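Shown next, in structure tokens, is the structure this report addresses.
Fair warning: this is a prediction, and the values are worked out from it, not measured in the lab. We're numbering straight along the sequence, starting at 1. The basis for the numbers below is simple: all heavy atoms, side chains too, and nothing from hydrogens, waters or symmetry mates.
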Amino acid sequence: MPLNVLVIGGSRHIGYHAALRFLDDGATVTFLLRSPATFDSDEAIQKHVKLEKARLVQGDGLVVEDVRNVWAKASQEQPVDLLLFTVGFNGNPKFHPLKGFVISPNNLVTQCLLNVLCEMPKTSPLPKVITLSTSGVSRSSRAKVPFLLKPLYGYLISSALQDKLGVERVIYHCADWAWNPRDGEPSAEIMGVDWTKREGLPVAGTLKNAMVLRPALLNDGECRADANAKDTAVYRAGEGEVGGWSISRKDVAHFIYEAVTKNWEEYGGKQISVAY
């Protein structure tokens, strides 16, 4: 049976490119979009809308009622097989001389994920969950990134990384993975007070099919994997940190599709990084 996919954060970039791969493979994909008009002139998406395979649901991940509604829409015919969560900050960061670039709200991604997981139907089995993070998100991660990128992760975008760290902490809790004490705990400002007691949050250990994905520094290049005529890998993926400078968003989308459809036993249930 074709996959049933829910994408949160799929209006552009990695979520968008991954969703297209699933749609082209026959999947049904439901998008939560603050503005469905984003896709009005997108022929690639509209083709699937006309086939009733792409469903565009208006809503905001920070609004619990909107999240509850999109789960209902996505699950109306069959349970969701895959939750792809690729929410990122979309706005104008402000520069602070001591904090680097500061975003507002500074906990948008973490709070969206908490809403999505709390409203997720708890029917068994729970869907596969892929959550997008980034290399350099934690102290232990930054220790393994290329030396010249350390100021970027450790200073310039450190505020945004706290939100991504919050996302990882949520998944680690729900999957009952061991959290590295060296990385510390995200602040209550990011997580919310008593976040582990939120109604509906999956009980620790029940989110068995999760993946936290940390790509290297992202760029808008083409998908090298699609253009590769040889049967050799163009990017490296593995548990923990593989190191590396960069990777295109389209190649990350390629990895997501391949991991879900062909390599879940290798990559599922782990924190994975990917880079050239």
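Exactly one of Arg214, Arg236, Lys144 qualifies for a salt bridge (Lys or Arg N to Asp or Glu O under 4.0 Å) with Glu241. That residue is Arg214. Partner Val137 forms a side-chain contact (heavy atoms from CB on, under 4.5 Å) with one of Val145, Val167, Leu165 and no other, that one being Leu165. For the side-chain contact (heavy atoms from CB on, under 4.5 Å) with Val109, the qualifying choice from Val87, Ile190, Val170 is Val87, the only one to do so. Residue Lys53 is tested with Thr30, Thr28, Asp24 for a side chain to side chain donor-acceptor pair (under 3.5 Å); the sole match is Thr28.
Between Ile45 and Leu20, the shortest heavy-atom distance links the atoms CD1-CD2, 3.7 Å.
In this structure, Phe255 and Tyr267 have perpendicular ring planes: the angle between them is above 60°, well past the 30° mark.
Not counting sequence neighbours, the partners of His173 by the ring-ring contact (aromatic ring centres under 6.0 Å, His included) test are Trp195. Applying the ring-ring contact (aromatic ring centres under 6.0 Å, His included) rule to His254 yields the partners Tyr235; only residues at least two apart in sequence or on another chain are considered.
The ring of Phe39 has its center closer than 6.0 angstrom to the ring center of Phe31.
Follow the hydrophobic side-chain contacts under 4.5 Å out from Val5 and you never reach Leu207; the two are in separate clusters. Cluster membership for Leu217 and Leu161, using ILVMFWY side-chain heavy atoms within less than 4.5 angstrom, is shared.
Under the 3.5 Å distance criterion, with hydrogens and angles disregarded, a donor-acceptor pair is assigned to the side chains of Glu189 and Asn106.
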Inset, instruction - Applying side-chain contact (heavy atoms from CB on, under 4.5 Å), run through Met191 and Thr110 and close with a yes or a no. - result: CA-CA 7 Å; Met191 307 300 296; Thr110 300; 3.9 Å; yes
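Salt-bridge formation is not detected for the pair Lys128/Asp81: no Lys NZ or Arg NE/NH1/NH2 atom is positioned less than 4.0 Å from an Asp or Glu carboxylate oxygen.
Looking only at side-chain heavy atoms (C-beta outward), Ile247 and Leu218 come within less than 4.5 Å of each other.
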